[in-house]
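Positions are given from 1, in the same order as the sequence printed here.
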Amino acid sequence: MNETMSFDEAREYLKTTRSTLYRWLHEGTIPATKLGRQWRFSTRELDAFRNGGNDRARLSAQLRELGAFLNTRDPRAKEKRVMEQATLESPDEIAEAIVWDAYERRASDVHMQTRSDGVHLLYRVGGKLEEIRVLDRGVAEAIQKAWIGQSTSTDDTGAHRLFQSRTLEKRGVKESANLQVLYQSIATLQGPRVTLRILHSGYILDLAHVCNKKDDREIFERWMSAPKGLVLFAGKAGSGKTTTLLSCLNHLARDKGKAVFSIEDPIEILLDGVDQIQVNTNDINAVERAYLQVQRSDLDALAVSLLCPTAAKGSLGIARGGHLVLQQVHATSIEDALKRYEAMVEEPIRDVLLGVCYQELVPNDRGGRKAVYHFMNV
């Protein structure tokens with residue numbers, strides 16, 4: 001056997017693709033020498049790499065297999081002949097492809113659950129978890145590292161925020177889709193439990209789209225036109241109340257030209273025209289400081305997604321000070337929302353309350369879910 005090999009000879013010897021071999025060279029994981037324009041590989045070093053790189057080769061093969069699987073699910077495959085393009089094979093490419101695959105299937109979240117047989121990749125669609133594939137732990141770890149590497153910021157809870165965009169073509173019309181992805185990993189006995197919440201511009205809809213019923217929409221619009229007062233947005237976890245509240249916030253900032261602030265834990269979606277403040281609910285000093293800063297900022301309206309006694313009292317004070325406040329409350333009914341809020345502020349709130357919206361999700365005719373609103377007007 002020759003002491004050195006050419007690029008193509010090395011690729012054949014390692015039984016890999018040209019793009020993978022180039023990536024290994026770029027990452028410095030495989031030794032080589034460039035003579036003129038040609039790469040030369042030491043046979044002895046290739047032997048050592050192959051013998052010590054079985055795990056790496058197996059990981060690469062599994063990533064290519066997963067990439068091919070995701071390509072078959074890409075709705076652009078038939079229109080743009082995606083299948084003829086190079087197979088997805090790097091962790092970065094596959095990590096991004098998973099997010100867009102989930103987006104195309106209207107998933108709200110991506111889950112990775114570590115189990116005895118591997119890491120289960122699941123999407124939450126219509127409120128239910130659907131299993132997509134069982135991944136090798138090494139593949140899952142590579143994808144998770146890629147997500148963290150793609151993140152642009154990290155909050156004080158350890159959550160990573162990713163931003164991705166893509167031009168999509170549907171029915172011959174091009175449209176831009178912008179995603180915000182909140183990555184959270186929790187250490188469990190079985191291994192990392194990863195959740196990605198997919199938040200894109202389509203989640204922040206006009207009130208006309210959030211409220212299909214004219215009567216519901218008129219109630220929201222009447223509340224948003226009030227110069228001052230308190231509105232409680234109530235519902236169980238996952239009922240969609242955050243989407244509704246943010247749509248109202250977007251309406252105030254964009255359509256009514258108001259000076260709008262929010263106090264959130266965490267900030268889930270960035271809104272143009274809204275000054276958003278992220279605080280840790282457990283940090284009382286930070287919560288108090290956020291309310292004090294907002295009070296001094298000539299605001300018209302404030303939305304609050306965190307709920308603790310300090311926040312509840314702060315919201316009530318701002319509402320009584322002559323501003324519109326939208327407060328989110330986890331509750332099981334309108335009555336429960338009022339009871340919980342008044343217990344936190346330790347006084348009645350009817351004098352400043354504009355109303356309560358209790359929201360729940362119910363099955364629709366298409367197999368998904370739709371929002372149903374229950375109102376209390378004061």
Side-chain angles (χ1 to χ4, degrees), residues 7-8 10-32 41 45-77 82-105 107 109-124 129-151 160 162 164 181 183 185-188 190-196 198:
F7 183 92
D8 287 333
R11 178 185 59 80
E12 184 66 29
Y13 185 65
L14 296 174
K15 300 188 183 303
T16 189
T17 64
R18 293 180 64 86
S19 59
T20 297
L21 187 52
Y22 273 124
R23 178 163 54 81
W24 285 345
L25 285 168
H26 178 72
E27 293 172 348
T29 57
I30 187 169
F41 298 81
E45 290 177 336
L46 285 181
D47 279 335
F49 177 83
R50 188 171 65 172
N51 294 334
N54 287 336
D55 290 341
R56 187 186 292 106
R58 181 169 59 86
L59 175 61
S60 296
Q62 290 175 339
L63 286 169
R64 286 198 301 274
E65 182 185 1
L66 178 57
F69 166 74
L70 291 169
N71 256 343
T72 64
R73 293 164 58 86
D74 192 326
R76 302 173 300 163
V82 171
M83 298 303 294
E84 294 181 3
Q85 298 177 8
T87 302
L88 302 172
E89 59 184 27
S90 76
D92 283 341
E93 292 171 332
I94 292 172
E96 182 177 342
I98 288 173
V99 171
W100 288 105
D101 184 53
Y103 165 80
E104 290 288 353
R105 281 152 183 80
D109 303 87
V110 175
H111 293 254
M112 279 191 171
Q113 296 180 342
T114 305
R115 297 294 181 260
S116 59
D117 59 341
V119 179
H120 291 234
L121 175 66
L122 308 102
Y123 298 165
R124 185 177 294 282
L129 285 177
E130 298 180 0
E131 184 168 297
I132 306 302
R133 201 172 178 89
V134 179
L135 309 177
D136 178 84
R137 294 195 182 206
V139 171
E141 182 180 352
I143 293 170
Q144 291 162 20
K145 287 181 178 178
W147 277 325
I148 294 173
Q150 293 169 1
S151 65
H160 297 264
L162 295 69
Q164 295 181 0
V181 184
Y183 172 99
S185 178
I186 302 174
T188 71
Q190 293 80 11
R193 174 67 162 78
V194 170
T195 305
L196 273 74
I198 300 173

Open item on the list: Assess the residue pair W147 and I98 against the criterion (side-chain contact (heavy atoms from CB on, under 4.5 Å)); give the C-alpha distance rounded to whole Å, side-chain angles, the decisive distance to 0.1 Å, and a yes or no.
Closed with: CA-CA 10 Å; W147 277 325; I98 288 173; 4.0 Å; yes
Task: From CA spacing to verdict: side-chain contact (heavy atoms from CB on, under 4.5 Å), Q150, V181 - done: CA-CA 10 Å; Q150 293 169 1; V181 184; over 6 Å; no
TODO: Begin with the C-alpha distance, continue with both residues' side-chain angles, and end with the deciding distance and a verdict on side-chain contact (heavy atoms from CB on, under 4.5 Å) for R64 and T16.
DONE: CA-CA 10 Å; R64 286 198 301 274; T16 189; 4.0 Å; yes
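Expressed to the nearest 0.5 Å, how far CG of D136 lies from CD of Q62 amounts to 4.0 Å. To the nearest 0.5 Å, atom CZ of residue R133 and atom CD of residue E65 are 5.0 Å apart. If you take CG on L14 and CZ on F41, they are separated by 8.0 Å, rounding to the nearest 0.5 Å. With rounding to the nearest 0.5 Å, the separation of CD in E12 from NZ in K15 is 5.5 Å. The CD1 atom of I198 lies 12.0 Å from the CZ atom of R124; values are rounded to the nearest 0.5 Å. With rounding to the nearest 0.5 angstrom, the CD atom of Q113 is 8.0 Å from the OG1 atom of T195.
Scanning all heavy atoms of the two residues, the minimum distance from P91 to A146 falls at O-CB, 3.6 Å. Closest of all the heavy-atom pairs between L70 and A97 is CD1-CB, 3.8 Å. Residues V110 and A102 approach most closely at CG2-CB, 3.6 Å, considering heavy atoms. What you find for D109 and H111 is that their closest heavy atoms are CB-NE2, 3.7 Å.
Taking R137 as the reference, T114, V119 meet the side-chain contact (heavy atoms from CB on, under 4.5 Å) condition, with sequence neighbours excluded.
Geometrically, R105 does not engage Y123 in a cation-pi contact, judged by NZ or CZ lying under 6.0 Å from the ring centre and within 45° of the ring axis.
Checking E130, M112, E131 one by one against L121, the side-chain contact (heavy atoms from CB on, under 4.5 Å) holds for a single residue, M112.
The backbone N or O of A32 sits nowhere less than 3.5 Å from a side-chain atom of E45 that would complete a donor-acceptor pair.
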